[in-house]
Every structure is written in C-alpha cells, then in structure tokens.
Number of protein chains: 2
Amino acid sequence: MEVYDLILKNIAKHISLNEAEKNYFCSLLESKILLSKQFLLKENQACHYFCFVNSGTLRAYFLNKDGKESTIMFAMPDWWVTDMHAFEKAKPAMLNIVALEQSKILQLSKSNFELLVKEIPKFERFFRIIFQNAYIREQLRTIQNLSLTAAERYEKFVLKYPAVIQQVPQKQIASYIGVTPEFLSTIRSKRKA
Amino acid sequence: MEVYDLILKNIAKHISLNEAEKNYFCSLLESKILLSKQFLLKENQACHYFCFVNSGTLRAYFLNKDGKESTIMFAMPDWWVTDMHAFEKAKPAMLNIVALEQSKILQLSKSNFELLVKEIPKFERFFRIIFQNAYIREQLRTIQNLSLTAAERYEKFVLKYPAVIQQVPQKQIASYIGVTPEFLSTIRSKRKA
DNA sequence: TCCATTTCTTAATCTACATTAATGGTTTTG
DNA sequence: CAAAACCATTAATGTAGATTAAGAAATGGA
C-alpha cells in the first residue's frame, strides 16, 4: 500500500516490525486529504488525533489575545504533528493547525494510540524516542529564543529548515522566529548587503 | 531504603513495579551529594547521567558567547534533569548544571538507562510519558516566549513555580524569563504599586 | 562579628525591534 | 484576465527592554 510507505520507513528508523505488526499498525490509521487553507484543528476544539504528514505542508500556530500569530511549527512530509497538550490531556486545543497547500495525512486517534502501545509495546519505545527528540528540539529553540538576536535566529532557521524557506510566506517565518514581517524584511536586506 | 522513596513514588505515578523490579531499578542508580555551588555538569563535557533530584535545587543554564546566562530549568525535588541532547546523542554538553544549595541526587547512567528499558519494557512507557510531558512544557514555554511581554512571563512564572521564587536569586529568574535583572526589578516595583 | 562579595534597586541613556503608513509586487479567485 | 486579496519592501516614528552607573541591602566565608 503506497500510502503507508513513508510512515513505515519513519517507524523503521527506531523499531523493527514484522508483517503482522505493520498491518495491524496501518489498520489503526485514518487517511485524510486537506485542501489548501483547510484546518486540521482549531483552537478550543477537542484534539482527537496525532497526525503524520505524507505530503504537503501544515502550519501550527498560536493566536494571542491581540490577534498576533506565533508559529509553533511547520510540519513537512515525514513529520508528526498535533497539539500535544490537547491530545494527551484531552483539553481544548490552544493551537490552530492549517494546510498551507493540499496535504495528505495519516491520523492516529487517541484511543488507537493507546491501543497500539498496549498491543505492541515496541511502540512505547518508538514514541519515547519521538518525544525525547521533540523535547530536545523544543529546548534548543528555548535556548535560541533567549540567547540569540533576531538576525541570528533567522540564520539558524535558514540552516535548519532550508526547504521551509522556499515554501512558506516570509511573514510566517517572521512569526516563527518572533519578529514582525517588516523587521524580517530589513534583516534580509542587510544580510545580502 | 529511604533514599529510593521519592523516586519510586515518581515512577508509580505512571507504571506499576513489583518488588523485584523495584530492586533491580534501584540497583542501577548511583547516589550522589552535591555541595552548594558544585557543578553536576559543565559545558563541553560528556554527559553520562540522567539525574533525579531527591533534595535541594539545581539550575541548568546556557552561557552564550558574550557571557550572558540563560536559565533553562530549575530542578527541584522530584524532578529529572540532564542535558538531554548531550545525554542522548553522546555529544559535548551545551548546558551547565549547578547546585544552588546542598543537593542529593540519584544518577542513572546512559548504559544503565539502556539496560533498564531493555530489561523492563514498562520503563519505555515511563520515559515516554516523562518526555511527552517535557515536550508539552517546553512547547508551552516557546508559545509564552513568543506571545507574552516580559511582565506577563513573570506572572506566569510566579504562578507556575511559587517555590522557586523563594529559593533562588532574582537575577536567575530574570535569566529564565529572558530579561535583565534591572528590568525585572522595575517589573516587580510596578507590580506592587 | 566583620569585611568582601554578591544581589537588588533606581534612574539616565541607548538600541533592537514594533508600529504605522505608503508603494508596488504577487497570488488568488470570480 | 482583471479585480481583490494578500505579501514584501522601505522609511519615519515609537517603545519595551538593554546598558551603564552608582548606591543600598543582603549574604556568606574567615
């Protein structure tokens, strides 16, 4: 089944599954296509799914009380994305998640997630590693937010996510590194000079 | 064994162990006492341990090229702490971790960590939950760093870590929320007025 | 207990980045 | 294919928070 190729490779990076386990795992997934600008999740909704991106690009962002957006992550193919707090604690979502272009995803529901780790304990290991890496990345972002200037944060972003630079509007990159689009524009013009 | 009470309770929040498993787990731990101002880890060192705080308070911080400190976490009793990137990827530490007062800790080495999850797969589940929660916390911090003013971040800190306020110098709280000690001082004086 | 060191506060000045606004370019969609 | 909607750029002005400096208070080691 072609739709499961990428996710099975993703999992094979950390654990080995036999055919029966692969089939069981795939049977728990729900396939979904998002159109451009369609929302996977909106704030205050319940968040029932942990999602794997097969193709396309999604953006997760927080909207503060003044209407300012802060981009929390860009989810490209081979990435997992959800509002983890809302998913795990069954609380209303804080994040909005929207497709930046037509995107194909695979959804694992909360109940299937729990079933999966119960039935195949190797998946506890898989998600342990996934969350450990997610924690490491978020902590690095905290360090950089606290210790770098806006221009330095932009350089790190360019190095770390070169594919994103091509694919998303600059104003969204600005909202990821924590500056206004106007200021990012001046950062970029000075950079070339 | 009294030294293991707190850590066994910490683990019992998420998984159940029988006596043999408890004994095996405890046999993998190394007890250590840190004096006030003693370092558990310094940047560029190898990071061999994942540490559980039994008593006292530790601080993990990043030192940038200009000598500015950014506090990454305060580790109180019942908390796990390490430089997770250095620990997991066997890379030189980015963080410094220092005791703010005399502190008693239990250390789990990388090799014992790997042994533990292999011998008792329930610990994959335990650490999966620990890292999932750590990721959720770090992501919330990213959201707050991007969307709140310094004064608002201080209010969140006061609500979330009331015990820390009493125990650590204000300049270190300033370096956690990402402002200078001078500016935190003015935030606090306006707050009371 | 005392001196040294560190920490906190206040205030003047400075700067990185925000805001506002105007212009032109680009993408989207009827 | 044209109007609408969105996006990037530039520049003037505004502000949250940094820097510098200096004195007061708290802390800690001999």
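Note that the coordinates shown come from a computational prediction; the quantities given were computed from them, not determined experimentally. Convention: sequence-line order gives letters A, B, ...; per-chain numbering from 1.
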Residues A:Arg59, A:Glu69; criterion salt bridge (charged side-chain N to carboxylate O under 4.0 Å, His left out); working and verdict:
CA-CA 11 Å; A:Arg59 182 171 75 103; A:Glu69 288 183 4; 2.9 Å; yes
Test B:Tyr176 against B:Phe157 for ring pair (Phe, Tyr, Trp, His ring centres under 6.0 Å), laying out the working first.
CA-CA 9 Å; B:Tyr176 183 98; B:Phe157 189 92; 5.0 Å; yes
Would you kindly give the [atom1]-to-[atom2] distance between [X] and [N], to the nearest whole Å?
X        : N      : atom1 : atom2 : answer
A:Glu69  : D:dC7  : CD    : P     : 9 Å
B:Gln166 : C:dT7  : CD    : P     : 18 Å
A:Ile165 : D:dA8  : CD1   : P     : 12 Å
A:Arg191 : D:dA8  : CZ    : C1'   : 16 Å
B:Lys171 : D:dA26 : NZ    : P     : 18 Å
B:Asn145 : D:dG17 : CG    : C1'   : 15 Å
B:Gln170 : D:dA24 : CD    : P     : 19 Å

Reference residue A:Phe50; test side chain to side chain contact (heavy atoms under 4.5 Å, CB included); the match among A:Leu106, A:Thr82, A:Val81, A:Asn112
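Answer to the side chain to side chain contact (heavy atoms under 4.5 Å, CB included) test with A:Phe50 among A:Leu106, A:Thr82, A:Val81, A:Asn112: A:Thr82.
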Salt bridge or not between A:Glu152 and A:Lys156? Use side-chain N to carboxylate O under 4.0 Å.
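Result for this pair is no, no salt bridge flagged.
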Between the side chains of A:Lys42 and A:Asp83, is the shortest nitrogen-to-carboxylate-oxygen separation below 4.0 Å, so that they form an ion pair?
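Salt bridge absent between A:Asp83 and A:Lys42.
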Among A:Phe113, A:Tyr49, A:Trp80, A:Phe127, find the residue that satisfies the ring-ring contact (aromatic ring centres under 6.0 Å, His included) test when tested with A:Phe87.
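By the ring-ring contact (aromatic ring centres under 6.0 Å, His included) criterion, A:Phe87 pairs with just one of A:Phe113, A:Tyr49, A:Trp80, A:Phe127: A:Phe113.
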Given C:dT7, D:dT9, C:dT9, identify the nucleotide with an atom nearest to the side chain of B:Arg188.
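Of C:dT7, D:dT9, C:dT9, C:dT9 is nearest to the side chain of B:Arg188.
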For nucleotides 14-30 of chain C, 5' to 3', base contacts (B), sugar-phosphate-only contacts (S) and non-contacts (-) with protein non-hydrogen atoms under 4.0 Å give ---BSBBB------SS-
